[in-house]
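Inspection log for the structure reproduced underneath, given as structure tokens.
Letters go in sequence order (proteins before strands), and every chain restarts at 1.
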2 protein chains.
Amino acid sequence: MRLEPQYKELLNNALELSGQRATKQREHIYALLLQKRNHPTAEEVYVRAKEDMPTISLATVYNCLETLAETKLIRQVNFEREPTRYCPNLTKHAHFYCRESGEIVDVDLSDELLDELMKVLPAGFTAKHIEISYDGACNDCHD
Amino acid sequence: MRLEPQYKELLNNALELSGQRATKQREHIYALLLQKRNHPTAEEVYVRAKEDMPTISLATVYNCLETLAETKLIRQVNFEREPTRYCPNLTKHAHFYCRESGEIVDVDLSDELLDELMKVLPAGFTAKHIEISYDGACNDCHD
DNA sequence: GATTATGTTTGGAATTATTCTAATTACAGC
DNA sequence: GCTGTAATTAGAATAATTCCAAACATAATC
């Protein structure tokens, strides 16, 4: 697995900006998230990371994911009663969770729609972030 | 703590509809959620429940919350890295999570806005539910 | 180029949230 | 008042995550 140059630069800049080092493990985990974008859990990332880096520990996976999330290179996503999942898609989007297949699909959101969502906040409230999760059946799971 | 008649009827109907019994514990927990609407965790519900019902167990609290959520009398809400929280507000609303104070505030949503959110789903996808969480600073937490 | 200081990783233990299990209790219908 | 089923209980088990101390890697300094 190889981290493409533009992402490598993104990663390096983000880490430098926050005064942290670019390590093999961080690079590896970032590459792996970019390569297969299926919103894996930490445990799943751990399993995949070990394929090419057998000595990596689960604690390191958690550390790296936290670092990547802190530096805004990935987002954390939560669904009800499920372990936290991670995704590298930085565009504004929601998540669709299919109850049948368990699949999670990104849903693009327009700036206009997000603006409208911001407008409904009570006076004096400012949101840095909105998390939107749909929950239903995807197009493969209809009768 | 006393469950008001209209809510008692709501509870009884919901339980009967799903073929489950109305028990002291379920009633107590429902009343407690209605009375202080601060989105408590299961653990917090447990602590409060014990004040008036010292022998109730944590497992029962989880069971009751699950039953109430199943019968649509309460909703489960998740925030990143935090335990699942519960709230009895059944109107269509989002949750605002203040990073400063940790407070969670309901934000009302119009049907029009929800319609628009439904319209952005890809063809063939149908959502039963949308979960929207804002994350920022509430009006008490600005400089 | 060796030394030091700091940041990172590692493995395992600890913690937290939640679910499971088996025994007991409560209740609805006969 | 029985009987069968549902619900509760306490505690054990599991799952997700965090913490910790030791080892390792790297950057900065001499």
Integer-rounded Å distance: D:dA7 C1' and B:Leu65 CG: 15 Å
Check for me, please, whether B:Ile130 and A:Met118 land in the same ILVMFWY cluster - side-chain distances under 4.5 Å, paths through other members count. yes
Provide, to the nearest angstrom, the distance between the CZ atom belonging to B:Arg26 and the P atom belonging to D:dT9. 11 Å
In this structure, how many angstroms lie between the C1' atom of C:dG7 and the CD atom of A:Glu66, rounded? 15 Å
Rounded to whole Å, how long is the line connecting atom OH of A:Tyr62 with atom P of C:dA14? 18 Å
Just the rounded figure in Å: distance from C1' of C:dA26 to CG of B:Asn63. 15 Å
Do B:Ile56 and B:Met53 have side chains that approach each other closer than 4.5 Å (heavy atoms only, starting at C-beta)? yes
Using heavy-atom distances to pick each residue's nearest nucleotide on DNA chain D, tell me which of B:Gln20 and B:Ala59 is more 5'. B:Gln20
Quick one: on DNA chain D, does B:Gly19 or B:Leu58 contact a more 5' nucleotide (nearest heavy atom)? B:Gly19
note: A:Arg21, atom CZ; D:dC24, atom P; distance rounded to Å ~ 16 Å
Out of the candidates A:Asp52, A:Val61, A:Val45, A:Leu3, only one should pair with A:Leu32 under the side chain to side chain contact (heavy atoms under 4.5 Å, CB included) rule; please name it. A:Val45
Contact summary for B:Ile132 and B:Ala94, nearest pair of heavy atoms: O-CB, 3.3 Å
So, for A:Phe125 and B:Phe96, is the gap between ring centers shorter than 6.0 Å? yes
Counting the atoms with a prime plus P, OP1 and OP2 as sugar-phosphate, which does B:Thr23 contact under 4.0 Å by heavy atoms, base, sugar-phosphate, or nothing? sugar-phosphate
Which nucleotide sits closest to the side chain of A:Lys24: D:dA10, D:dT26, C:dT10? D:dT26
Strictly below 4.0 Å: does A:Thr60 bring a side-chain N or O up to OP1 or OP2 of C:dT10? yes
Using a cut-off of strictly less than 4.0 Å, decide whether B:Gln25 has a side-chain nitrogen or oxygen near OP1 or OP2 of C:dA26. no
Which distance, rounded to the nearest 0.5 Å, do you find between the CG of A:Leu109 and the CG of A:Leu117? 8.0 Å
When the rotation axes relating C1' atoms of four end pairs to the next four are compared across the helix from C:dG1-D:dC30 to C:dC30-D:dG1, five pairs an end, they differ to 10° by 20°
Rounded to whole angstroms, how far apart are NE2 on A:His28 and P on D:dA25? 17 Å
Under 3.5 Å, is there a donor-acceptor pair linking the side chains of B:Thr41 and B:Glu43? no
Expressed in angstrom and rounded to an integer, what is the separation of A:Tyr46 atom OH from D:dA15 atom P? 16 Å
